[in-house]
There are 2 protein chains.
Amino acid sequence: MTLETLSTNKAYGGVQGVYRHQSRETGTAMTFAVFVPEHEPGERLPVLFYLSGLTCTHANVMEKGEYRAACAAEKIVFVAPDTSPRGEEVPDDAEGKYDFGLGAGFYVDATQPPFDRHYRMRSYVEQELPELIAAKFPVDMARQGITGHSMGGHGALTIALRNPSRFRSVSAFAPIVAPSQVPWGQKALAGYLGDDKSAWAEYDAVALIESGASLPNLLVDQGAADNFLEQELKTHLLEDACAKAGLDATIRMQPGYDHSYYFISTFMGEHVRWHAQRLRN
Amino acid sequence: MTLETLSTNKAYGGVQGVYRHQSRETGTAMTFAVFVPEHEPGERLPVLFYLSGLTCTHANVMEKGEYRAACAAEKIVFVAPDTSPRGEEVPDDAEGKYDFGLGAGFYVDATQPPFDRHYRMRSYVEQELPELIAAKFPVDMARQGITGHSMGGHGALTIALRNPSRFRSVSAFAPIVAPSQVPWGQKALAGYLGDDKSAWAEYDAVALIESGASLPNLLVDQGAADNFLEQELKTHLLEDACAKAGLDATIRMQPGYDHSYYFISTFMGEHVRWHAQRLRN
């Protein structure tokens, strides 16, 4: 487990770093960002994973997410991985569109060639990255939370639903909640997993909840002026599923907010504090 | 005074906008960013101008500056102009370097051809932009503050020193304090103003203070690990000049911080609140 440090910058008393390693899962170099707040020597802090949306790398939330103020105040380590494998050897969308292939890994382990070789973002985020974070950063893996935006909200929800004992807190910004039922998700799941929809269910938050999967808790913010709400996000499907299943979920429509980092950054501090409350010893 | 709206995004309850207009000073289209917090109909808010550093546009601080949280809480309008005229007709550095020409207007009115035609950033920021802001946004021009980073810190200091009654509050992040004495400034001032150094003094904060110019107050934060500190920024010259002149100045060295927006964003909230205290009715 060799970790290359690409950059570190002092921020809010802590260190914002960018790191790269050779991933066993994706077979590529993977880059991720970690913010470590100021802390005592030997102290181990709770960790919040943030999964990004379509087209993003680790850098978008690092530059625009405005999480460091709250993470420094609450002493939370913030981890932001990339959204797909990258490199010349990694196959991309046949038409070069933004919603499949590079920057659009959808947090699945692909089974369809040619994507199955490198697109292993589920195993990367569920297994390999946490092992690396646990080994190399001052974190307490008994206190993990997860969040994400859009495609990354889908990632956060599905990873948490499949690993109910791993996370103490789960949240999302404008998540894709039912990829099997929307164009972005249908294209991605068919492309990575094939046309047999039975293979899709474990990557569909609403389907997982309907099958009995559970979450410890859930906070979702969704902009009411989000251009993708009606066709791609369909937040009401998550509300319905959570209500039927009796899950502890707070799902809020935020009037006037769109899908951008202006929306995310507005509610980021509140999400970090919400996680912090649930990640205390 | 026609203003074109390029984008608006709701953020922290207010509106982050990007606007473009045809500038009479630069003879080009100029783009700037304005954040207007939520406010009562008819209410006019204090305004804080932020001048950016080398290579930046209006967008850098808008995306990475983390000012909206504090501006929303304190009800401050935040204005971020570009750092130079732009366009195919605008002459650039002969060698295409980052420290002169496009992105490097140094907030001067150039007198040397071919730069004198478009490089009129002093008059743009001192005269034209405030007129536009006063006419088009809900601001109280009796309550203005100014700040900036690096080259923009130089801009903020020199504009405030030349207009002592206009601003109630002045601050800077890692400013160039004595451009006549450092490589960045010597190149820019010679290129825009010619070799006669008597023309440089009104664009040199330390020289202005030594000539008796005054400021209402001053807050400066400077990263002690800033790579440009020793050769280009020379904060101690400002400390000496303020001390000799008996100015009300707080100049802080911040251990471990560099020249980046990770540094700026860390102290931005504090600067906004510092201005807000001085901009109250």
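Side chains included, hydrogens not; waters and symmetry mates left out as well; all remaining heavy atoms used. Order of the sequence lines sets the chain letters (A, B, ...), proteins ahead of strands, with each chain counted from 1. The structure displayed is predicted, hence computed values, not measured ones.
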Inset, instruction - Name the member of G256(B), G223(B), A225(B) that forms the most heavy-atom pairs with chain A at distances under 4.5 Å. - result: G256(B)
Legend entry - A11(A) versus T266(B), closest heavy-atom pair with distance: CA-OG1, 3.4 Å
Legend entry - Heavy-atom contact with chain B under 4.5 Å, split by part of F263(A): backbone
Inset, instruction - Count the heavy atoms of every other residue, nucleotide or ligand shown that sit under 6.0 Å from NZ of K97(B), and state whether that count exceeds 12. - result: no
Legend entry - Region of D258(A) in contact with chain B, defined by heavy-atom distances below 4.5 Å: side chain
Inset, instruction - Keeping the roles fixed (side chain from Y12(B), backbone from F267(A)), state whether a donor-acceptor pair exists under 3.5 Å. - result: no
Inset, instruction - Find the one option among E63(B), Q254(B), M62(B) whose heavy-atom pairs under 4.5 Å with chain A are most numerous. - result: E63(B)
Legend entry - Per-residue contact mode, Q16(A) against chain B (heavy atom under 4.5 angstrom): side chain
Legend entry - Over 12 foreign heavy atoms within 6.0 Å of CD, E38(A): no
Legend entry - Y262(A) side chain near R68(B) side chain, heavy-atom distance below 4.5 Å: yes
